[in-house]
Amino acid sequence: MAYRIGLPRYANTAPLVRYLKPPPGVELVWGVPTQLNNWLLEGTVDLSLVSSYFYLEQRGFLRALPDFSVAVLGHVYSVNLFHQKPWSELRRIAITSESATSVRLLEHLLSRSGVGAELVRADAGLDELHRGVYDGVLLIGDRALSVYAGLLPRLPKTVHNLDDLAGGVRVSDLAMLWFRQTQLPFVFAVWATRADEQPPCEIVELLRGARRAGLGRLAEVAAAEGERLGIEPRLLQHYLWNFRYHLEIPDRLGLAAFAAAVGLPERDEYWSV
């Protein structure tokens, strides 16, 4: 039976997977984060990128690889709340069904700032925002990045500090709001297996090798993803080099802070591989 690895098809994982060449007996399975979470628990996949909230929630059932993450310190650019009213006036927000972590982070940030908005699961976008159906729309991943890029009238000479107000729409980057609150990274995903099934060392080394190749050829990865999404490669490269892919000590501290913020136990269960 093939060893199955679960992956989301997002630009922010491209440096991890573009050069991942599965040998015979290894199969890649693609899905959105909520699907991957369920597939790992059900046994449909053996090892997967899973959302950090799901990992924290499944204490005792999952164990993470020790040196893999999808995290940022500051702006992420692809987990955005788009809104026209000020943050304090938000009352009805459309949320994505693709990611429990992003929704839980939004709930925390709203609660922390005393905003009692209703969250509604809906496949909404800027059209619903402009028509006033919702005060805010939460988008994640490639869609969020593409919408944001489409709002920019032009790229500035430096993309180090892109606008939070673009095309007349406010863009609240949830990872940046988390950073302003905690001064810590935010971990969106980790690689994990079920706690009773240690990943083979050769699989982990395969993933490390693919990551090394992707980060070493980041300009090529950005160019390919930019072409796929119709986004300027310079913006895509800035987006990708923001990410922290190694679950270092600051990332683990950020993960522990998120656990505390949402009332879940801190996780410190990693494979020694």
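Note that these values count all heavy atoms, side chains included, but never hydrogens, waters or copies made by symmetry. The residues of the chain are indexed from 1 along the displayed sequence.
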Between [X] and [Y], is there a donor-acceptor pair closer than 3.5 Å when you use the side chain of the first and the backbone of the second?
{"X": "R4", "Y": "L28", "answer": "no"}
{"X": "E227", "Y": "A224", "answer": "no"}
{"X": "N37", "Y": "S51", "answer": "yes"}
{"X": "D251", "Y": "S69", "answer": "no"}
{"X": "S113", "Y": "L110", "answer": "yes"}
{"X": "S146", "Y": "I231", "answer": "no"}
{"X": "T13", "Y": "P8", "answer": "yes"}
{"X": "T193", "Y": "P199", "answer": "no"}

Check: Stepwise, does the side chain to side chain contact (heavy atoms under 4.5 Å, CB included) test hold for L7 with S48?
Finding: CA-CA 6 Å; L7 298 160; S48 184; over 6 Å; no
Note to self: Tell me whether R143 is salt-bridged to D123, with the criterion being a basic N under 4.0 Å from an acidic carboxylate O.
What the structure shows: yes
Margin query: Salt bridge check, R228 against D142: does any charged N sit closer than 4.0 Å to a carboxylate O?
Written below: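 Result for this pair is yes, salt bridge flagged.
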May I ask you to test the [X]-[Y] pair for a side-chain heavy-atom distance under 4.5 Å?
{"X": "P23", "Y": "L206", "result": "yes"}
{"X": "I93", "Y": "V120", "result": "no"}
{"X": "N12", "Y": "S78", "result": "yes"}
{"X": "L65", "Y": "Y270", "result": "no"}
{"X": "V76", "Y": "M176", "result": "no"}
{"X": "V79", "Y": "T101", "result": "no"}
{"X": "E248", "Y": "D67", "result": "no"}
{"X": "F54", "Y": "T34", "result": "no"}

Next item on the list: Would you please classify the geometry between the Y239 ring and the Y77 ring as parallel, tilted or perpendicular, with 30° and 60° separating the classes?
Entry: perpendicular
Next item on the list: Could you tell me how the ring of H238 sits relative to the ring of W241: parallel (under 30°), tilted (30 to 60°) or perpendicular (over 60°)?
Entry: perpendicular
Search all heavy atoms of [X] against all heavy atoms of [Y] and return the closest pair with its distance.
{"X": "L236", "Y": "G226", "value": "CG-N, 3.9 Å"}
{"X": "Q84", "Y": "L129", "value": "OE1-O, 3.5 Å"}
{"X": "A192", "Y": "V50", "value": "CB-CG2, 3.9 Å"}
{"X": "A124", "Y": "A94", "value": "CB-CB, 3.7 Å"}
{"X": "I140", "Y": "S102", "value": "CG2-OG, 3.5 Å"}
{"X": "D173", "Y": "H75", "value": "OD2-ND1, 3.3 Å"}

Would you kindly confirm whether [X] and [Y] end up in one hydrophobic cluster when ILVMFWY residues are joined by side chain heavy atoms under 4.5 Å apart?
{"X": "L184", "Y": "L73", "result": "no"}
{"X": "Y245", "Y": "F186", "result": "yes"}
{"X": "V103", "Y": "V137", "result": "yes"}
{"X": "F179", "Y": "L255", "result": "no"}

Can you tell me how far [atom2] of [Y] sits from [atom1] of [X], rounded to the nearest 0.5 angstrom?
{"X": "E225", "Y": "Q237", "atom1": "CD", "atom2": "CD", "result": "12.5 Å"}
{"X": "L138", "Y": "N80", "atom1": "CG", "atom2": "CG", "result": "8.5 Å"}
{"X": "K85", "Y": "R170", "atom1": "NZ", "atom2": "CZ", "result": "11.0 Å"}
{"X": "R63", "Y": "D196", "atom1": "CZ", "atom2": "CG", "result": "10.0 Å"}
{"X": "W178", "Y": "R112", "atom1": "CH2", "atom2": "CZ", "result": "9.0 Å"}
{"X": "L207", "Y": "L16", "atom1": "CG", "atom2": "CG", "result": "8.5 Å"}

Quick one: do the [X] and [Y] side chains pair a donor with an acceptor below 3.5 Å?
{"X": "Y19", "Y": "E220", "answer": "yes"}
{"X": "E202", "Y": "Y3", "answer": "no"}
{"X": "E89", "Y": "H83", "answer": "no"}

Item checked: Face-on cation placement of R104 at F258 ring, 6.0 Å and 45° thresholds -> no
Next item on the list: With R211 as the cation and F68 as the aromatic partner, state whether NZ or CZ is under 6.0 Å from the six-membered ring centre and within 45° of the axis.
Entry: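 Checked: cation-pi criterion met.
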Margin query: As a quick check of understanding, evaluate salt bridge (Lys or Arg N to Asp or Glu O under 4.0 Å) for D135 and R91, giving each step before the final call.
Written below: CA-CA 6 Å; D135 299 326; R91 295 296 177 264; over 6 Å; no
Note to self: What verdict does the side chain to side chain contact (heavy atoms under 4.5 Å, CB included) test give for V17 and W30, after you've listed the backbone C-alpha separation in whole Å, the side-chain angles of each residue and the deciding distance to 0.1 Å?
What the structure shows: CA-CA 11 Å; V17 303; W30 302 90; 4.1 Å; yes
Next item on the list: Begin with the C-alpha distance, continue with both residues' side-chain angles, and end with the deciding distance and a verdict on side chain to side chain contact (heavy atoms under 4.5 Å, CB included) for L109 and L105.
Entry: CA-CA 6 Å; L109 294 169; L105 175 58; 4.0 Å; yes
Item checked: Y55 vs V187, side chain to side chain contact (heavy atoms under 4.5 Å, CB included): CA-CA, chis, key distance, verdict -> CA-CA 11 Å; Y55 167 69; V187 178; over 6 Å; no
Item checked: Atom CZ of R59 with >12 non-hydrogen neighbours under 6.0 angstrom ->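 Atom CZ in R59 is crowded, with more than 12 foreign heavy atoms closer than 6.0 Å.
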Notebook entry, point to check: So Y134 and E118, side-chain hydrogen bond (donor to acceptor under 3.5 Å, both in side chains) or not? Walk me through it.
Noted result: CA-CA 10 Å; Y134 303 102; E118 176 191 7; over 6 Å; no
